[in-house]
Amino acid sequence: MAAPKKGRSASAQSKPGRTLALILIAIVGLTGGMFASGHTTPRLGIDLAGGTSIMLEAKADQGSAINKANMDTAVDIMNRRVNGLGVTEAEVQTQGDRNIIVNIPKGTNSAEARKQVGTPAKLYFRPVLAQEATGSAAPSPSASPSGSSSASPNPSASASAKGEKATSSSSPSASATSQGRAVTDALKADTTPSASASTKAKASPSPSASAGGGAAPTDTAGLQAKYAALDCTNKEARTAISEGVKPGDPTVACGEIDKVWYKYLLGPAAVDGTDVKKAAAVFDTQGAAGWQVTMTFTKSGGKKFADITGKLAQNQQPQNEFGIVLDGDVVSSPFVQGAITGGQAQISGSFKQEEAQGLANMLSYGALPLSFKELSTTTVTAALGGDQLHAGLLAGAIGLALVVIYLVAYYRGLALVALASLLVSAALTYVLMALLGPAIGFALNLPAVCGAIVAIGITADSFIVYFERVRDEIREGRTLRPAVERAWPRARRTILVSDFVSFLAAAVLFVVTVGKVQGFAFTLGLTTVLDVVVVFFFTKPLMTLIARRKFFANGHKWSGLDPKSLGAQPPLRRTRRPGGPVAGPVETKEA
């Protein structure tokens, strides 16, 4: 019989303490990170902790029909917006033909979630024809020309490509020749012959002068009058101007910059949101722009963007600007100095982190095919969820108690190894669930609790496979220390195959399902991976250590490794044939 290789096996037997120390250090580090983050308990789903339930009603928008296809598309987009990583446990589902219900668990930013699900996210790039401050905060035309204060009609925004950045500019000081007053004079000049011809503004209020091209509407005078009378500080007025506006027509719009409202006269849309391939929120570490939204255009969108910026660069301010219009509101109006190629652009406008990430999220997942009206917002109590959680934890405790009783009754002393391994697995699972809540939005719901209960059996099964392999080696007449090492390779293969099948099932279930079932699949997959970690880095080294203790090595009857109780064969001995060489024992090969 060939002697077993000693190199790797000897190393594993001589340094099991190092492996145990490694996993214990990892547990301590993760626990410290949990307390440092302030999230010491897992975030609970809406069925356990309560949350917010929003009901939305669909309404046809610009000719879009309210049908099953559009409703399903809206549900899918809302689901991806709210469940950015797929495990925040928010539920988005249809109710009837026109309604969608969104359930958001406690601990989620409900205000931001409401904005995510209800915002159509229709994005257009429109050339600016005219702009001015509106309402009581508008610059006074009688202000001194030498006044030091200035009112900027543009948010701080930029468009860039390949490192070339079109910088933002400030408008003239709030004075008699300020842009706001000059735009008003230009409007009068276009409608009345008595208007002053000495205005310094270069803005043309006529929609037919669109730098982006496109047909002008027949009611040019009506649009100019609408622009002149618009007061953006009036919420109802802001809502009314964006209704029924087609992308190919000039329009008026409002935008708020530094708590001051500005009104815009905009040309036909030159680029729309469908031309945006992806968007992301980034922080400008080299300048003062703060949080920005970077956009990558499609091939056709990049060409459109280059064309419009090339045309705008030939005009004077403000007609060298384009308004970035999101759902009827101007979120930014950068100016350009030349055609911007490369298919890259940035939007900056004193965004907060949440605002930039929300805008990037909506642009990445696309616009809703329908508009939605919020019918009701209710708070879901956790009374029923508390009872369900109590019942689930009770079921888990009963299951764990039965497993412990079985292990103690059947394996006796070996049950200590199994219990210690279960405790380590439970500690890792709890800490990771607590950390994953704020990290990726994981919420523990009732199906996830069921997944954790199922994991108890999966973990215990791995210990049983290894213990039975060790006992088989002892039945063949080997002592405990070689039995532990010889049993490990065969048990390891069985454990890996079993856990791989469980993880594959959890992965498939996670991919093909949504909502609460994903919580079950995610928990099952997480605990399966942790089972492999615990068996390899805790159970096996611990078995190597206890094999050196007399209580287990000598086969005490309460150790669970008593050779007599296991029906062990006599020790293997070499025999000598008459007149022949020494013959070794013949072992049965493993199937």
Side-chain angles (χ1 to χ4, degrees), residues 16-28 30-31 42 392-434 449-474 480-481 483-485 487-488 491-492 494-495 498-499 502 523-524 526-562 565-566:
R18 181 179 298 178
T19 306
L20 288 175
L22 181 64
I23 192 171
L24 292 178
I25 291 174
I27 293 175
V28 172
L30 290 173
T31 305
L393 294 178
L394 180 61
I398 293 174
L400 181 60
L402 291 176
V403 170
V404 171
I405 292 173
Y406 170 79
L407 291 174
V408 173
Y410 192 76
Y411 290 107
R412 300 185 180 183
L414 279 180
L416 296 175
V417 178
L419 293 178
S421 300
L422 283 173
L423 289 175
V424 170
S425 179
L428 284 173
T429 302
Y430 181 87
V431 171
L432 286 177
M433 285 183 176
V449 173
C450 296
I453 295 174
V454 172
I456 296 175
I458 295 176
T459 305
D461 183 62
S462 299
F463 306 152
I464 292 173
V465 168
Y466 186 29
F467 293 163
E468 287 302 320
R469 290 294 189 183
V470 173
R471 289 158 71 111
D472 286 344
E473 294 293 335
I474 293 177
L480 182 58
R481 293 184 67 174
V484 167
E485 301 304 324
W488 173 241
R492 179 177 59 200
T494 305
I495 292 171
S498 175
D499 284 343
S502 297
T523 306
L524 183 61
L526 175 65
T527 51
T528 300
V529 172
L530 291 180
D531 175 50
V532 175
V533 174
V534 171
V535 170
F536 274 71
F537 292 93
F538 186 81
T539 307
K540 170 56 176 60
L542 188 59
M543 283 293 294
T544 302
L545 287 178
I546 69 168
R548 302 173 183 178
R549 300 295 181 264
K550 292 182 179 180
F551 177 80
F552 292 95
N554 294 339
H556 191 279
K557 63 179 182 178
W558 288 104
S559 67
L561 299 169
D562 181 16
S565 301
L566 296 176

Can you tell me if Ser425 uses its side chain to pair, donor with acceptor, with the backbone of Leu422 under 3.5 Å? no
Spacing of His556 atom NE2 and Lys550 atom NZ [to the nearest 0.5 Å]: 13.0 Å
Quick one: pull up CZ in Arg492 and CZ in Arg469 and give me the separation to the nearest 0.5 Å. 12.0 Å
Residues in side-chain contact (heavy atoms from CB on, under 4.5 Å) contact with Val408, at least two apart in sequence or another chain: Val404, Ala415
By side chain to side chain donor-acceptor pair (under 3.5 Å), Asp499 pairs with (sequence neighbours left out) none
Pairwise side-chain hydrogen bond (donor to acceptor under 3.5 Å, both in side chains) hits with a residue in residues 393-410, at least two apart: none
Centres of the Trp488 and Phe536 rings: under 6.0 Å? yes
Taking only residues two or more places apart in sequence, or in another chain, which ones meet Arg471 in a salt bridge (charged side-chain N to carboxylate O under 4.0 Å, His left out)? Glu468
Would you check if Val449 and Ile453 make a side-chain contact, meaning some heavy-atom pair closer than 4.5 Å? yes
Looking only at atom types and distance, does a side-chain atom of Thr459 sit under 3.5 Å from a main-chain N or O of Ile456, one as donor and one as acceptor? no
With rounding to the nearest 0.5 Å, note down the distance linking CG in Leu561 to CG in Leu414. 4.5 Å
If every non-hydrogen atom of Pro42 is compared with every non-hydrogen atom of Tyr430, which pair is closest and at what distance? CD-CE1, 3.6 Å
Could you tell me the separation between the OG1 atom of Thr544 and the CG atom of Leu20, rounded to the nearest 0.5 Å? 8.5 Å
Report the residues that fulfil side chain to side chain donor-acceptor pair (under 3.5 Å) with Ser462, sequence neighbours left out, ordered by chain and then residue number. Asp531
Who passes side chain to side chain donor-acceptor pair (under 3.5 Å) against Thr539, sequence neighbours left out? Ser421
Main chain of Val535, side chain of Tyr466: is a donor-acceptor contact present, judged purely on distance under 3.5 Å? no
Considering only heavy atoms from C-beta outward, does the side chain of Arg412 approach that of Leu407 to under 4.5 Å? no
Distance col, row Ser559:OG vs Ile546:CD1, nearest 0.5 angstrom, shows 8.5 Å
When rounded to the nearest 0.5 Å, the distance separating CG of Leu423 from CG of Leu419 is 6.5 Å
Short question: side chain of Arg481, backbone of Ala553 - any donor-acceptor pair under 3.5 Å? no
